[in-house]
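This report concerns only the one structure given below.
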2 protein chains.
Amino acid sequence: MPTLTRRAESFSALVLEVFQLNGLLLQAGDRLSAPAGLTSARWQVLGVIDHGPATVAAVARTMGLARQSVQQTADALASDGFVEYVENPNHQRAKCVSLTAAGRRALRKVEQAHAAWADRLGASLAPARLAAAVDGVREARLRLEKDLAEEGRDEA
Amino acid sequence: MPTLTRRAESFSALVLEVFQLNGLLLQAGDRLSAPAGLTSARWQVLGVIDHGPATVAAVARTMGLARQSVQQTADALASDGFVEYVENPNHQRAKCVSLTAAGRRALRKVEQAHAAWADRLGASLAPARLAAAVDGVREARLRLEKDLAEEGRDEA
DNA sequence: TACTGATTGACAGGAACCTGTCACCTTGAC
DNA sequence: GTCAAGGTGACAGGTTCCTGTCAATCAGTA
């Protein structure tokens with residue numbers, strides 16, 4: 001194993017922590033949404049179209065996911081009656097995904113549970129510490145985004 | 001949407017950042033390991049057995065994953081010649097996963113690329129900021145671990 | 001020695017993400 | 001008006017994780 005510099009060690013520690021926290025957050029999200037008959041992925045899609053009906057491709061762009069991933073989730077939500085496809089006046093083929101009454105009920109339920117959860121967890125951390133974490137992670141994300149974009153350009 | 005308290009807003013911001021950073025890290029990991037013919041998941045398994053051959057179940061415990069996930073990855077690595085199953089004197093059925101020469105070569109290659117990458121990214125962040133991020137994320141992880149454990153106990 | 005319980009790998013199936021390809025629709029340049 | 005470029009949903013297939021079930025193996029106990 002190549003010996004890491006101090007700053008590389010530090011960055012690697014952040015990577016490990018982020019992986020672990022991410023896993024726990026997914027677990028928590030599933031637990032929050034399960035009582036409403038949803039999962040994390042489905043809840044997030046409902047959250048996007050709560051602002052108004054949108055096409056699958058538009059939802060995917062908003063969420064930063066591949067179009068087909070959202071397509072799959074949207075189809076599953078439709079077959080469970082949480083959303084429905086409605087005509088899109090701007091595009092004959094690309095229908096809009098729209099919340100049904102059941103979808104809206106489920107979403108409200110999850111949002112209430114989520115608000116209580118976020119408040120509980122947020123309260124357990126010192127505000128300054130929490131703010132520093134958000135800042136640091138955002139900074140790391142921006143650097144990594146830039147790094148990946150540059151690498152990608154080299155290969156192209 | 002229920003209005004969130006300030007601390008809930010702050011915590012939610014951390015969640016969003018962690019999700020995004022996690023996605024980018026997975027992308028970066030795949031890019032680091034691709035030249036060696038590996039993926040993030042496979043590289044990590046190789047990293048664990050670099051310390052010595054181990055059973056699939058032991059590797060899963062080390063990585064904090066389900067046994068079957070590692071089984072699948074190990075089988076794939078074996079069919080690609082990066083690892084091999086060797087007899088386990090302590091257990092007739094549970095063979096040990098062991099690095100082959102090709103596996104060791106691939107792992108070394110990824111580790112070199114990883115060291116350079118971590119150093120580059122670590123250098124682009126102020127050490128204090130980076131340390132604060134690690135601290136904050138760790139704190140959040142610990143709180144969430146505790147929270148999930150308590151919730152789980154209630155249901156049991 | 002015989003039984004019980006935990007661990008293990010094999011097998012089956014599912015969730016959520018990805019990519020690639022195809023045909024259809026819309027848009028904009030000419 | 002035509003035609004190429006790009007957006008879009010459908011379909012197929014792959015990766016990495018998960019769960020549940022089963023039989024084989026091991027370890028401790030009566």
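We name chains A, B, ... by the order of the sequence lines, and we start the count at 1 in each one.
Not counting sequence neighbours, B:Asp30 has no partner by the salt bridge (Lys or Arg N to Asp or Glu O under 4.0 Å) test. By the salt bridge (Lys or Arg N to Asp or Glu O under 4.0 Å) test, A:Arg143 pairs with A:Glu139, sequence neighbours left out. Every ring pair (Phe, Tyr, Trp, His ring centres under 6.0 Å) that B:Phe11 has, sequence neighbours left out, goes to A:Trp117.
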> When you check every protein heavy atom under 4.0 Å of nucleotides 5-17 of chain C, what one-letter string (B, S, -) results, 5' to 3'?
Replying inline: ---BBBB----SB

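B:Asn88 places its CG atom 9 Å from the P atom of D:dC26, with the value rounded to the nearest Å. In this structure, B:Arg31 atom CZ and D:dT15 atom P are separated by 19 Å, rounded to whole Å. Spacing between atom CD of A:Glu87 and atom P of D:dT8 amounts to 16 Å, rounded to whole angstrom units.
In terms of heavy-atom proximity, A:Leu14 sits nearest to A:Ala140 at CD2-CB, 3.9 Å.
Residue pairs meeting the side-chain hydrogen bond (donor to acceptor under 3.5 Å, both in side chains) criterion with at least one member in residues 83-96 of chain A, sequence neighbours excluded, are A:Asp75-A:Tyr85.
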Name the atoms and distances for all side-chain donor-acceptor pairs under 3.5 Å in residues 57-72 of chain B, with sequence neighbours left out.
{"unit_1": "B:Thr62", "atom_1": "OG1", "unit_2": "B:Ala58", "atom_2": "O", "d": "3.0"}

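Contact between the side-chain N/O atoms of A:Gln92 and the OP1/OP2 oxygens of C:dT26 is found at a separation under 4.0 Å.
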